[in-house]
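Predicted model only: the values in this text are computed from it and were never measured.
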Amino acid sequence: MTATRDGASYEVAVRAESALGEGPTWDPATGRLLWIDILNSRLNGYDPATGRRTLRRTDQHVGAVKPRAGGGLVLNLRDGIGLLDPDDTFRWLRHEPVPGRRGNDAAVAPDGALWAGTMRYDEATGGGTLARVTGDGAAELVLDDVTVSNGTGWSPDGRRMYYIDTPTRRIDVFDHDADTGRVTGRRPLAEVEDGAGFPDGLTVDAEGCVWVALWDGAAVRRYTPSGALDRVIELPVPRVTACAFGGPGLTDLYITTARVGLDPAPPLAGSLLVVPGAGEGVAQPAFAG
């Protein structure tokens, strides 16, 4: 256990060498932390009660994994949205390959819809999208001028949606209509200053504060609902990719990291880290498909 600048202490939950570890998600039905390694096409699971780790490979790059309400998983893949049934059978919910583009981060809204982001492999400006996908596979394009679609999350009351397009350096906020799933009024909540890294994945806690992982920033930051920076957890790896609350009571902050592009890579780059007792998370809905 190692202390960080704000007095929190991080531990190594799973020592690994993920090329691009991403998308931590707590699955309350199984008591596991799920996350992915995008570039190695891997789904990972970790049970903190037993220390057991599971690994499953996918046939193509996977940008996100989330639990489904009826069991199984939904995957944001290179070529669309896929489903793993409880018996591990795979099927496509939406198969729409676009050459040079892949699925990236995704999140499940309070109504059970999946908000799935994409990006181009060459990170071309405006080459990505953000779409809202319902349980029956219907999709609505929300944003079509995204570069690297990343962190998405909702306030505890569901009235705000937070979103990151990484190269903008901003954490944006929308007004969210829980009845229709529509978002309006996009505006900046906070901006990460030059030299502090780029905002990547995010999660929202029970106080409505937004925790943001900083790619090339070696830290996770917490911003209040007004956009004020009030916590910084410094970490021993530069490429911090995403964070999520998990464990009993949703009080432990799990953090994914990457080692891609680092030569030499620090010893813990690509590992899953955890800050016990970092705060209090909000139970995340499962995908309604």
Does [X] pair with [Y] as a salt bridge, N-O distance under 4.0 Å?
X	Y	answer
Glu193	Arg221	yes
Asp172	Arg187	no
Asp122	Arg101	no
Asp216	Arg239	yes
Arg56	Asp88	yes
Arg222	Asp205	yes
Asp27	Lys66	no

[X] and [Y]: side-chain donor and acceptor closer than 3.5 Å?
X	Y	result
Asn44	Arg42	no
Thr166	Asn150	yes
Thr118	Thr129	yes
Ser149	Tyr163	yes

- [ ] Look at the rings of Tyr121 and His61 and say which category their plane angle falls in: under 30° parallel, 30 to 60° tilted, over 60° perpendicular.
- [x]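 The arrangement is tilted - the two ring planes meet at 30° to 60°.
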